[in-house]
Undergrad: 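My questions will all concern the structure given below.
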Amino acid sequence: GICTQLFWGLLQIFIYKAFYAGSGQNVPMEFSNLVTYVWLQQALFSLIYMRQKDGDVTASIKDGTVAYELVRPYNLYIWWYIKCITRKLAMVALRMVPVIIVALVLPEPYCLSMPESLKSFLMSILNLSLGTLLLVSMSVLMQILVFFTYDDKGINSIFYTFAELLAGLTLPIPLLPDILQKISYYLPFRLIGDLSFRVYSGDIPFNESVIDLGFQVFWLVALVAIGVCLMKKATKKVCIQGG
């Protein structure tokens, strides 16, 4: 996994360098900020990766073993939420440090830059923490929908394809067309990783990041509330699959 992130990070940087060399001076994002964006994205990929899901949860709904969890004395939504967070933290802990060390020692202009300022660094950590909680809320919500749809492949494919584009995982938000940038501003996807990485590099001013912090809190509360309500509705009357 570490080798994959390093290779993919360098490949992206070389592609962007060629793109910037042929685009003249009118670029939407400084190259040094773009390189930092790529390395942070690769180092924290396991934390912001959207398509990661708990296959055991989906399988338990499909084969009926979720009945065992429903009779246990704990809140199923909280349990799934914690499982998703711990899985992401475990995976990112194994990859983050080696990727960041290598990115820091690379020569200019391919290296990871230091944060714009101390307050930007601290704000980026807070943004990343809330962004992770946002992503987990979405992941749990998609798992709950399996109660209603039974098969999650179709809805997951559609949802995550658009979500990854508007979250900056395909291209950084400043490189997207203007119409997609405007759409992404009103949706929660850019708040998962794009916001944190751009605050770190100074591409988003600190004052603006404070406003975006309020958006993160709003979307987090909204998604958790929707997830809790759907979980109650889904488990109120469950049709258990299997024998």
Undergrad: How far apart are the C-alpha atoms of Leu10 and Leu106, what are their side-chain angles, what is the distance that settles it, and do they pass the side chain to side chain contact (heavy atoms under 4.5 Å, CB included) test?
TA: CA-CA 10 Å; Leu10 286 171; Leu106 286 173; 4.1 Å; yes
Undergrad: Same cluster for Leu122 and Leu191 if Ile/Leu/Val/Met/Phe/Trp/Tyr side chains link at under 4.5 Å?
TA: yes
Undergrad: Is there a donor-acceptor contact under 3.5 Å from the side chain of Lys88 to the main chain of Tyr49?
TA: yes
Undergrad: Just by modelled atom types, is the Gly193 backbone N or O under 3.5 Å from a matching donor or acceptor in the Ser196 side chain?
TA: no
Undergrad: Could you walk me through whether Leu112 and Val35 pass side chain to side chain contact (heavy atoms under 4.5 Å, CB included), step by step?
TA: CA-CA 7 Å; Leu112 172 67; Val35 171; over 6 Å; no
Undergrad: State whether a side-chain donor-acceptor pair under 3.5 Å links Ser117 with Ser120.
TA: yes
Undergrad: Walk me through whether Met142 and Ile155 qualify under side chain to side chain contact (heavy atoms under 4.5 Å, CB included).
TA: CA-CA 8 Å; Met142 299 305 292; Ile155 190 171; 4.0 Å; yes
Undergrad: With a 4.5 Å cut-off on side-chain heavy atoms, are Phe45 and Met91 touching?
TA: no
Undergrad: Specify the closest pair of heavy atoms between Gln143 and Trp80, including all atoms of both residues, with the distance to one decimal.
TA: OE1-CE3, 4.0 Å
Undergrad: Out of curiosity, Asp203 CG to Glu208 CD, how far, rounded to the nearest 0.5 Å?
TA: 9.0 Å
Undergrad: Gln41 side chain to Gly168 main-chain N or O, any donor-acceptor pair under 3.5 Å?
TA: yes
Undergrad: Between Tyr185 and Phe215, does the ring centre distance come in under 6.0 Å?
TA: yes
Undergrad: Of all the heavy-atom pairs spanning Asp194 and Pro174, show the shortest one and how long it is.
TA: OD1-CD, 4.4 Å
Undergrad: Donor-acceptor pair, Gln12 side chain versus Val38 backbone, under 3.5 Å?
TA: no
Undergrad: Transitively linked via ILVMFWY side-chain contacts under 4.5 Å: Leu134 with Phe162?
TA: no
Undergrad: Measure up the Phe197 and Tyr37 rings against each other and bin them: parallel (under 30°), tilted (30 to 60°), perpendicular (over 60°).
TA: perpendicular
Undergrad: Does any non-hydrogen side-chain atom of Glu116 lie less than 4.5 Å from one of Ser124?
TA: no
Undergrad: State, yes or no, whether a side-chain contact exists between Met50 and Phe189 at a heavy-atom distance under 4.5 Å.
TA: yes
Undergrad: For Leu128 and Ile48, which heavy atoms make the closest approach, and how far apart are they?
TA: CD1-CG2, 4.3 Å
Undergrad: For Asn127, does its backbone N or O pair with a side-chain atom of Gln216 as donor and acceptor, under 3.5 Å?
TA: yes
Undergrad: Between CG of Leu130 and CG of Leu195, what distance do you get to the nearest 0.5 Å?
TA: 9.5 Å
Undergrad: Test Tyr77 against Lys232 for side chain to side chain contact (heavy atoms under 4.5 Å, CB included), laying out the working first.
TA: CA-CA 9 Å; Tyr77 180 87; Lys232 288 181 179 179; over 6 Å; no
Undergrad: Once you round to the nearest 0.5 Å, how far does CD1 of Ile78 lie from CE of Met231?
TA: 10.0 Å
Undergrad: Indicate if Leu94 and Trp8 have the same hydrophobic cluster label, given that clusters are the connected sets of ILVMFWY residues with side-chain heavy-atom separations under 4.5 angstrom.
TA: no
Undergrad: Using modelled atom types only, decide if a donor and an acceptor are shared between the side chain of Gln181 and the backbone of Leu176 within a distance under 3.5 Å.
TA: yes
Undergrad: In terms of side-chain geometry, is the basic nitrogen of Asp178 or Lys182 positioned less than 4.0 Å from the acidic oxygen of its partner?
TA: no
Undergrad: Taking the side chain as every heavy atom from C-beta outward, state whether Phe121 and Met114 have any pair of such atoms under 4.5 Å apart.
TA: no
Undergrad: So which heavy atom on Ile226 is nearest to which on Leu141, and how close?
TA: CG2-CD1, 4.0 Å
Undergrad: State whether a side-chain donor-acceptor pair under 3.5 Å links Ser137 with Tyr81.
TA: yes
Undergrad: Do Leu223 and Ile183 belong to the same hydrophobic cluster, where Ile, Leu, Val, Met, Phe, Trp and Tyr are linked whenever their side-chain heavy atoms lie under 4.5 Å apart, directly or via other members?
TA: yes
Undergrad: To the closest 0.5 Å, what do you measure between CZ (Phe147) and CD1 (Ile144)?
TA: 8.0 Å
Undergrad: Check side chain to side chain donor-acceptor pair (under 3.5 Å) between Tyr200 and all other residues, then give those that pass, not counting sequence neighbours.
TA: none
Undergrad: Where is the tightest heavy-atom contact between Gln42 and Gly9, given as atom of each residue plus distance?
TA: CG-CA, 3.8 Å
Undergrad: Please say whether more than 12 non-hydrogen atoms of neighbouring residues, nucleotides or ligands are located less than 6.0 Å from OH in Tyr186.
TA: no
Undergrad: Following the transitive rule for hydrophobic clusters with a side-chain heavy-atom cut-off under 4.5 Å over Ile, Leu, Val, Met, Phe, Trp and Tyr, establish whether Leu44 and Leu104 coincide in one cluster.
TA: yes
Undergrad: Counting distance only, does the side-chain N/O of Ser184 pair as donor-acceptor with the main-chain N or O of Arg190 below 3.5 Å?
TA: no
Undergrad: Only one of Leu40, Ile173, Asn33 forms a side-chain contact (heavy atoms from CB on, under 4.5 Å) with Arg198, so which one is it?
TA: Ile173
Undergrad: Of the non-hydrogen atoms in Lys17 and Pro109, which two are nearest, and what is the gap between them?
TA: CE-CG, 4.3 Å
Undergrad: Going by heavy atoms in the side chains, are Ile85 and Thr132 under 4.5 Å from each other?
TA: no
Undergrad: To the nearest 0.5 Å, what is the distance between CD on Glu164 and CG on Leu171?
TA: 12.0 Å
Undergrad: With side chains defined as the heavy atoms from C-beta onward, is the minimum distance between Val105 and Cys111 less than 4.5 Å?
TA: no
Undergrad: Decide ring pair (Phe, Tyr, Trp, His ring centres under 6.0 Å) for Phe31 and Phe19; before the verdict, give the C-alpha distance in whole Å, the side-chain angles of both, and the deciding distance to 0.1 Å.
TA: CA-CA 10 Å; Phe31 185 71; Phe19 170 76; over 10 Å; no
Undergrad: Taking atom CD of Glu30 as the centre, report whether more than 12 heavy atoms of other residues, nucleotides or ligands fall under 6.0 Å from it.
TA: no
Undergrad: For the backbone of Tyr110 and the side chain of Trp39, can you confirm whether one donor and one acceptor N or O come within less than 3.5 Å of each other?
TA: yes
